[in-house]
Amino acid sequence: MSIVDTSSAPTTGRERAKQARIQRALDAARSILRREGVEGLQIRSIADEAGLAVRTLYNQFSGGKLDVLMALMSQELDDLAQALEQLHLDDGIEISRAVITVSIDRFRKSEDVMRPLMSLTYGTTDEQTAYLGNKARQLQERAVAKAMEDGQLRAIMPPRVLGHFILDAYANAGHRWARGALDHEGFEAQALNAWACLLLGLAEGDTRTRLEAEIAALAPRVEQLVDRRRNT
């Protein structure tokens with residue numbers, strides 16, 4: 001299985017035509033997910049919706065439906081990166097926080113697509129998710145690296161490792177949301193609480209105060225989530 005990359009700009013007419021076919025297929029897959037859910041998402045139904053031959057789709061997505069789902073998630077990560085750039089943030093901690101809040105807001109607006117994507121991509125093999133995991137981790141890695149360079153966080157842990165821990169905590173909350181165990185507010189509260197707790201141990205000066213205030217503000221909601229899990 002290989003993930004179709006839609007982020008690079010095509011340079012020839014042939015590449016542009018290929019990119020256009022891929023985009024038609026992904027747009028069709030989104031429409032089917034919204035209208036029929038995961039059950040209706042098959043290569044043939046995507047081909048029919050997009051007006052493409054089944055063979056053409058398999059040429060682009062050799063792994064079938066899973067390749068399409070991975071490409072959709074990859075494109076969402078590219079769109080998230082663009083959305084973050086448009087915020088023009090210059091504070092590493094704020095950028096790191098925004099990776100969480102902006103992505104969850106995007107999930108909220110496209111819930112009928114993002115819930116099945118999160119659910120279906122969870123539990124796939126390392127080979128299938130490594131590319132997506134690296135793309136997602138790099139968003140946090142760049143943010144915390146800047147925070148370390150600016151003296152907001154002590155540089156005693158590689159940004160790559162810290163980004164990995166933040167992503168793991170986020171993914172745990174995200175997959176609970178995908179299963180319906182958390183609403184959007186619970187998803188955000190759990191993810192932000194884990195994020196703040198992870199950064200707190202490395203925080204310097206005012207950053208520590210900011211993170212402590214974040215944790216205190218989230219405490220009532222997080223306590224509700226913990227109590228709910230104990231009672232289920």
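Position 1 is the first residue of the sequence, and the numbers go up from there.
- Comment: D206 does not engage R210 in a salt bridge, judged by the lack of any side-chain N to carboxylate O separation of less than 4.0 angstrom.
- Just one residue in the list K146, R97, Q152 forms a side chain to side chain donor-acceptor pair (under 3.5 Å) with D91, and that residue is Q152.
- Residues in residues 154-173 take part in these ring-ring contact (aromatic ring centres under 6.0 Å, His included) pairs, two or more places apart or across chains: Y170-F187.
- When side chains are defined from C-beta on, I95 does not count as touching V144, because their heavy atoms never get closer than 4.5 Å.
- Under the 4.0 Å criterion applied to side-chain N and carboxylate O atoms, E212 and R208 are assigned as salt-bridge partners.
- Atom CG of residue L57 and atom OG of residue S62 lie 11.5 Å apart, to the nearest 0.5 angstrom.
- Remark: R142 pairs with Q138, L139 by the side-chain contact (heavy atoms from CB on, under 4.5 Å) rule, at least two apart or across chains.
- Pairs of residues two or more places apart, or lying in two chains, never qualify as salt bridge (Lys or Arg N to Asp or Glu O under 4.0 Å) while including a residue from residues 152-174.
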- Query: Does the side chain to side chain contact (heavy atoms under 4.5 Å, CB included) test come out yes or no for I166 and V99, once each step is laid out?
  - Reply: CA-CA 10 Å; I166 294 171; V99 172; over 6 Å; no
- Message: Run R179 and M118 through side chain to side chain contact (heavy atoms under 4.5 Å, CB included) and show every step you take.
- Response: CA-CA 9 Å; R179 298 195 309 270; M118 287 288 284; over 6 Å; no
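- Residue pairs that meet the ring-ring contact (aromatic ring centres under 6.0 Å, His included) test with at least one member in residues 79-110, sequence neighbours left out, are F107-W177.
- When all heavy atoms of L72 and A29 are compared, the pair lying nearest together is CD1-CB, 4.0 Å.
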Compile the donor-acceptor pairs under 3.5 Å between side chains in residues 38-47 and protein atoms, sequence neighbours left out, one pair per line.
unit_1	atom_1	unit_2	atom_2	d
S45	OG	G40	O	2.8
S45	OG	Q42	N	2.9
S45	OG	Q42	O	2.8

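- Counting only residues at least two apart or in different chains, ring-ring contact (aromatic ring centres under 6.0 Å, His included) contacts with residues 198-227 are absent.
- When atom types are taken as modelled, the side chain of R24 and the backbone of A50 share a donor-acceptor pair closer than 3.5 angstrom.
- When side chains are defined from C-beta on, L199 counts as touching I93, because their heavy atoms get closer than 4.5 Å.
- Every side-chain contact (heavy atoms from CB on, under 4.5 Å) that L202 has, sequence neighbours left out, goes to M148, L153, I156, M157, L162.
- Atom CD in E185 sits 6.5 Å away from atom CZ in R221 (nearest 0.5 Å).
- The salt bridge (Lys or Arg N to Asp or Glu O under 4.0 Å) check on E149 picks up nothing, with sequence neighbours excluded.
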Identify all side-chain donor-acceptor contacts of residues 188-196 below 3.5 Å with residues at least two apart in sequence or on another chain.
unit_1	atom_1	unit_2	atom_2	d
Q190	OE1	R176	NH1	2.8
Q190	NE2	N172	OD1	2.8
W195	NE1	S96	OG	2.8

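- To the nearest 0.5 angstrom, K18 atom NZ is 8.0 Å from E15 atom CD.
- Scored by the side-chain contact (heavy atoms from CB on, under 4.5 Å) test, E223 finds D227 as partners (sequence neighbours excluded).
- The structure places CD of E85 at 10.0 Å from CG of L80, a figure rounded to the nearest 0.5 Å.
- Annotation: the span from D183 atom CG to E111 atom CD amounts to 9.5 Å, rounded to 0.5 Å.
- Listed by first and then second residue, the salt bridge (Lys or Arg N to Asp or Glu O under 4.0 Å) pairs involving residues 98-107 are E76-R106, D79-R106, D105-R108, D105-K109 (not counting sequence neighbours).
- Listed by first then second residue, pairs satisfying salt bridge (Lys or Arg N to Asp or Glu O under 4.0 Å) with a partner in residues 26-35 read D27-R30, R34-D112, R35-E49, not counting sequence neighbours.
- When only modelled atom types and interatomic distance are considered, D67 and Q60 share no side-chain donor-acceptor pair under 3.5 Å.
- In terms of hydrophobic clustering, with Ile, Leu, Val, Met, Phe, Trp and Tyr side chains grouped at heavy-atom distances under 4.5 Å, L200 and L167 are assigned to different clusters.
- Between D78 and K135 there is a salt bridge, since a side-chain N of the basic residue sits under 4.0 Å from a carboxylate O of the acidic one.
- R115 contributes atom CZ, which lies 12.5 Å from atom OG of S110 (distance to the nearest 0.5 angstrom).
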